[in-house]
Student: 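What follows is a single structure, and I will ask about it in a moment.
The figures that follow rest on heavy atoms only: side chains count, while hydrogens, waters and symmetry mates do not.
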Number of protein chains: 2
Amino acid sequence: MIDAPSVELPRDFDGLRALILSRRDTLPKRIAQVAAYALDNPDEIAFGTAASIAVSSGVQPSTLIRFSQHLGFDGFTSLQGVFRERLRERNSSYEERLSTLRAEIQNGADNHRILEGFLTASSKSLDAMARTLDQATLDRAIETLAEAETIYILARRRSYPVASYVAYALGKLKVRNQLVESAAGLSPEIVSFATPRDVVLTISFSPYAPDTIEDARALSERGVPVVAITDSAFSPLVQFAKVWFEVAEADFGGFRTLASTMALAMALTVGVGDARHARSGQKPR
Amino acid sequence: MIDAPSVELPRDFDGLRALILSRRDTLPKRIAQVAAYALDNPDEIAFGTAASIAVSSGVQPSTLIRFSQHLGFDGFTSLQGVFRERLRERNSSYEERLSTLRAEIQNGADNHRILEGFLTASSKSLDAMARTLDQATLDRAIETLAEAETIYILARRRSYPVASYVAYALGKLKVRNQLVESAAGLSPEIVSFATPRDVVLTISFSPYAPDTIEDARALSERGVPVVAITDSAFSPLVQFAKVWFEVAEADFGGFRTLASTMALAMALTVGVGDARHARSGQKPR
DNA sequence: CCTTCGATGAAATAATAATTCCATATTTTA
DNA sequence: TAAAATATGGAATTATTATTTCATCGAAGG
């Protein structure tokens, strides 16, 4: 008979992997072979039968049982449960997953859970954008931006990282642009250079930074078309934007992600770059 | 005997769902009940047994067989295969999807495809991080950062947006930090203020910005611990980093995403905030 | 070199699950 | 409303799968 391990059974896949890795060197050859196969092909373990896994991992079915028992499970079936649970977890709705993670964090902050939370929230945001974003709006925005002599990029605080990325990427694509930075009041001067042949790209989420709104309004009143990325149809930016995107970012621990805003910004940037090249007779990238 | 449907069997889940929905109104009551249950609880179908599903959907096991046969499958097992395939697919198709999108874009740039490309690349990056990131490294990084008097944040070019986000978020959490900006050479002065009781958080990807590397090296030589986010074990940052993360970002159209770097940065930030609060005797967030 | 003990393979057995069958109920249609 | 066709429940059957057993192998220790 095989000794049960002194540590308790791992209930989730991460724990199981840790357990396997910690024993890696003490496992008998065939068992180790199965262990390696299991970590490399978790889906196979989740769905296969003892016999089918035995074939594809090159051992006998009974070795699967022994492997399971070595780890302290009472049979292959309960080991398999962990592999199945993993697939379930992964596909359970984002909302569900997030609330699980939030709950887990309540009882002492586990850093890994925090990371998982942001990863999940980011994925959720990306999914939401893939489902909701309107193609025609995207085309109009890119068309508008591609016609600009200079693209003025306007964002503060939480949105500022996105703006700085766009400025950097447009620069690499040789598209003239001006990042409107300073909270310190330089912006009025920069703003006064803009003409109706330029375009403003502004990014602002609730609570909207007053500077951003005012700059955008000022530019709009001078006839400069505004392309806006914001989070609601009630955003002040919507009033004077020529084209606007509504982006719903998920949050975790009170911090909203930037994943889908960032992806949209990248798409706008590359789209503008392509349109410019096409226009100037070059072949598209 | 039951007629096979004239349309061929759906091989993937989407096709199956379409088939079910198209027949919704012509299905017998119990069969329809199972159909509704199956679409609402696909994971149950994937993992359950005919008997267990029968119980939770409130029918007889034989009805599951009939349901399967109504749709043209030859039994419950082959229907279940489609539900299982769905769970498998989800985990391994980013690469495939991206190459499809890349190919589509070759023949004339479709803006919506570009966006999809960035969304997919971002998701892929997030998934990769969820699978690979080491918990212990994360804990050490947060612990190191939480002990800092001041956190110096060092990043240029493509990584700069991440740094600016971290600076903003740390500020909101009342954690003292200094964003080392200017390409213009202000940094030597800022750098000279740092002491071994401070910590540097630096972010740099190939091709590594020379300024970032030099600043990080200079600080490290003065005894300031370095936490690095980079893209390879061969990154110059690795040599003198106390803790370092290897982050693999997917790219689309030559532009690498920042999704997982950003999520990691958020987790670090919030983790540090929590650790600080815990340390100062407050209850964690 | 022999002994012992854990590891392994293969087949037997037990458990579980899918499928079929048939009696009964329900709906449809003439 | 009667007859036919279809659907359903429940149990019996068949198939599949996990698990156990046992003989053999191979390495470690004396």
Student: Taking only heavy atoms on the protein side, list every residue of residues 44-53 of chain B lying under 4.0 Å from any atom of DNA chain D, sorted numerically.
Tutor: none
Student: Mind running side chain to side chain contact (heavy atoms under 4.5 Å, CB included) on Tyr37(A) and Glu44(A) for me, showing each step along the way?
Tutor: CA-CA 9 Å; Tyr37(A) 180 86; Glu44(A) 289 304 316; 3.4 Å; yes
Student: Regarding Ser123(B) and Ser123(A), do their side chains bring together a donor and an acceptor under 3.5 Å, going by distance alone?
Tutor: no
Student: Assess the side chains of Thr257(B) and Ser125(B): does a donor N or O sit below 3.5 Å from an acceptor N or O?
Tutor: yes
Student: Step through the shown structure and confirm whether more than 12 heavy atoms of other residues, nucleotides or ligands are within 6.0 Å of CZ on Arg102(A).
Tutor: yes
Student: Applying side-chain contact (heavy atoms from CB on, under 4.5 Å), name anything that partners Ser78(A), two or more places apart in sequence or on another chain.
Tutor: Phe73(A), Asp74(A)
Student: Examine distances only and state if a side-chain atom of Ser235(B) and a backbone atom of Leu237(B) form a donor-acceptor pair shorter than 3.5 Å.
Tutor: yes
Student: Can a donor-acceptor pair be found between the side chains of Thr261(A) and Glu249(A) at a distance below 3.5 Å?
Tutor: yes
Student: Identify all pairs in which a protein N or O lies below 3.5 Å from an N or O of nucleotides 7-9 of chain D, and state each distance.
Tutor:
from: dT8(D); atom 1: OP1; to: Lys29(B); atom 2: N; distance (Å): 3.4
from: dT8(D); atom 1: OP1; to: Arg30(B); atom 2: N; distance (Å): 2.7
from: dG9(D); atom 1: OP1; to: Arg30(B); atom 2: NH1; distance (Å): 2.1
from: dG9(D); atom 1: O6; to: Arg66(B); atom 2: NH2; distance (Å): 2.6

Student: Give me the first and last nucleotide of DNA chain C, going 5' to 3', that has any atom under 4.0 Å from a heavy atom of chain A.
Tutor: dA7(C) to dA10(C)
Student: Expected output is a numbered-order residue list: members of residues 75-83 of chain A with a heavy atom under 4.0 Å from any atom of DNA chain C. What is it?
Tutor: none
Student: Verify whether one side chain among Gln69(B) and Arg66(B) offers a donor that lies under 3.5 Å from an acceptor in the other.
Tutor: no
Student: Got a salt bridge between Arg113(B) and Glu116(B), using NZ or NE/NH1/NH2 to carboxylate O under 4.0 Å?
Tutor: yes
Student: Can you name the side chain to side chain donor-acceptor pair (under 3.5 Å) partners of Thr77(A), sequence neighbours left out?
Tutor: none
